[in-house]
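Here's the structure, in structure tokens; my notes come after.
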Number of protein chains: 2
Amino acid sequence: MTDTPIRLLLADDHPVVRAGLRAVLETEPGLVVVAEAATAEDAVTRAAEGDIDVVLMDLQFGKGMGGADATAQITARPGAPRVLIVTTYDSDADTLPAIEAGATGYLLKDAPPEDLAAAVRTAAAGRTTLAPTVADRLMNRLRTPAVTLTRRETEVLALVAGGLSNQAIGDRLHLTEGTVKSHLARVYAKLGVDSRTAAVATATDLGLIRR
Amino acid sequence: MTDTPIRLLLADDHPVVRAGLRAVLETEPGLVVVAEAATAEDAVTRAAEGDIDVVLMDLQFGKGMGGADATAQITARPGAPRVLIVTTYDSDADTLPAIEAGATGYLLKDAPPEDLAAAVRTAAAGRTTLAPTVADRLMNRLRTPAVTLTRRETEVLALVAGGLSNQAIGDRLHLTEGTVKSHLARVYAKLGVDSRTAAVATATDLGLIRR
DNA sequence: CGCGGTCTCTAACTTTCGATGGAGGCCGCT
DNA sequence: AGCGGCCTCCATCGAAAGTTAGAGACCGCG
């Protein structure tokens with residue numbers, strides 16, 4: 001049963017992390033790192049070549065596409081490799097898009113090497129591994145009815161967090177100030193707050209917007 | 001001159017990163033990794049044993065002490081090793097405390113391996129290496145006179161960031177609403193903004209308040 | 001001891017926000 | 001076709017926030 005090894009692609013913009021993953025995974029029998037990618041774009045093109053079983057994907061890349069978009073593009077093709085997210089953060093803003101994009105698993109970089117290898121094998125078999133904190137988060141999502149903001153609401157709130165006035169937001173988004181207010185009023189209701197600064201604070205806590 | 005190797009301690013809470021640093025640095029002649037630490041506390045005690053030349057220190061540890069505090073404790077002793085910061089972020093809130101704490105250098109994890117090795121050698125010789133973005137940041141600091149907030153101003157601004165109203169801040173701090181407003185007015189002037197949300201945004205960028 | 005900076009407070013005034021209660025159009029799903 | 005989200009817009013009104021222009025008290029430094 002140990003005939004065909006699992007072929008891996010490492011996608012991370014940090015050379016040190018790639019070297020670490022390589023060092024950790026290549027000591028494992030049955031795992032072979034066949035390629036590395038320093039950008040999300042590279043990962044997409046490399047994964048398309050068809051000789052990869054599992055992609056270990058970071059979410060944050062310094063420039064260009066993010067890991068979530070890359071994951072979506074990779075998993076969109078038929079016969080695509082599995083994508084295992086290996087990242088530093090686990091906020092809602094990170095995990096949910098990645099899972100929606102079709103990731104087969106989600107690990108944190110502080111995971112011990114043996115967990116990593118086990119997750120790779122699980123992913124290769126098409127099953128899911130989630131870091132405990134991520135699993136907790138998902139359970140909470142299901143338990144407490146999701147506080148989800150619409151695209152427009154998130155967009156407006158992000159600009160509020162950037163310090164813009166309602167009028168400035170309206171100009172930026174080609175809306176009237178009144179429309180901006182309506183969006184914000186619904187955001188406040190959803191978040192249970194009554195001011196823009198409070199909305200930014202709790203939305204940041206919930207990981208609904210980027211810091 | 002290649003007789004005594006440079007002895008290294010790797011301090012990072014991610015096993016993968018430690019493995020990566022080890023892999024990258026041990027291929028370099030004259031460098032030996034003699035110890036690893038998964039927490040800042042461990043790093044401090046291990047560095048005290050006296051057989052270390054350079055500590056590669058992360059700033060973010062999952063739990064407990066941070067890398068900046070650990071750096072301060074390590075460099076405080078006589079005959080202390082050099083501390084080279086190797087981290088992911090380069091905001092003012094990270095770099096400045098670390099440098100104040102006595103770090104000999106500051107690199108980002110996306111640095112290429114050869115830069116890393118070079119920085120270790122430079123650090124061992126007691127000289128400084130800074131990542132370009134960090135150097136830029138320091139130059140800007142010197143060029144634009146420091147935007148420093150007084151204790152009270154920071155205190156008020158932090159509560160604003162928490163989403164409180166001026167009245168609520170006044171109650172919390174035993175001030176009148178008017179006093180809160182005058183503190184904020186001075187904060188706005190210093191930061192060059194004209195609203196509370198903008199103040200929170202730029203103060204967060206500048207690392208003047210915690211997220 | 002005077003000077004400068006910080007902290008506190010005041011009062012009146014303008015602008016921006018937020019609440020309220022609609023309303024119409026578009027789109028996807030059934 | 002009908003229904004439910006989502007997005008857009010409107011007007012009004014009271015409540016915050018921000019502006020301006022002061023002033024007194026404390027404290028450390030030279």
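So that the names make sense, note that chain A is the first sequence line, chain B the second, and so on, each numbered from 1.
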**OP:** Flag the pair A:Ile85 / A:Leu59 as yes when at least one side-chain heavy-atom distance between them is below 4.5 Å, and no otherwise.
**Re:** yes
Original post:
Has the side chain of B:Thr150 got a donor or acceptor that lies under 3.5 Å from a partner of the other kind on the base of C:dC7?
Top reply: no
Spacing between [X] atom [atom1] and [N] atom [atom2], to the nearest angstrom:
X        : N      : atom1 : atom2 : answer
A:Glu177 : D:dC10 : CD    : C1'   : 12 Å
A:Leu184 : D:dA15 : CG    : P     : 21 Å
A:Arg186 : C:dT20 : CZ    : P     : 14 Å
B:Glu155 : C:dC7  : CD    : C1'   : 11 Å
B:Ile169 : C:dC9  : CD1   : P     : 14 Å
A:Asn166 : D:dT8  : CG    : P     : 14 Å
B:Arg151 : D:dG28 : CZ    : P     : 11 Å
A:His174 : D:dT8  : NE2   : P     : 11 Å

Side chain of [X]: nearest nucleotide among [options]?
X        : options               : value
B:Ala185 : D:dT20, C:dC7, D:dC9  : D:dT20
A:Tyr188 : C:dT8, D:dC10, C:dG18 : C:dG18
B:Lys181 : C:dC7, C:dC17, D:dT19 : D:dT19
B:Leu175 : C:dT8, D:dG18, C:dG18 : C:dT8
A:Asp194 : C:dC17, C:dA19, D:dC9 : C:dA19
B:Arg152 : C:dT20, C:dT8, D:dC7  : C:dT8
A:His183 : C:dC17, C:dG18, D:dT8 : D:dT8

**OP:** Using modelled atom types only, decide if a donor and an acceptor are shared between the side chain of A:Glu153 and the backbone of A:Arg186 within a distance under 3.5 Å.
**Re:**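 No: the side chain of A:Glu153 does not pair with the backbone of A:Arg186.
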**OP:** Pick base, sugar-phosphate or nothing for A:Gly178, based on heavy-atom distances below 4.0 Å to the nucleic acid.
**Re:** nothing
Original post:
Under 4.0 angstrom, heavy atoms only, what part of the nucleic acid is B:Ser195 near: base, sugar-phosphate, or nothing?
Top reply: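 Counting heavy atoms under 4.0 Å across all strands, the contact made by B:Ser195 is with sugar-phosphate only.
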Original post:
Do any side-chain nitrogens or oxygens of B:Arg196 fall under 4.0 Å of OP1 or OP2 in D:dG18?
Top reply: yes
**OP:** Considering just the side-chain nitrogens and oxygens of B:Thr179, establish if one lies under 4.0 Å of OP1 or OP2 belonging to C:dC9.
**Re:**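 So the side-chain polar atoms of B:Thr179 do come within 4.0 Å of the phosphate oxygens OP1 or OP2 of C:dC9, strictly under.
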Between [X] and [Y], does at least one N-O distance fall below 4.0 Å, as a salt bridge requires?
X        : Y       : result
B:Lys109 : B:Asp58 : yes
B:Arg7   : B:Asp53 : yes
B:Arg46  : B:Glu36 : no

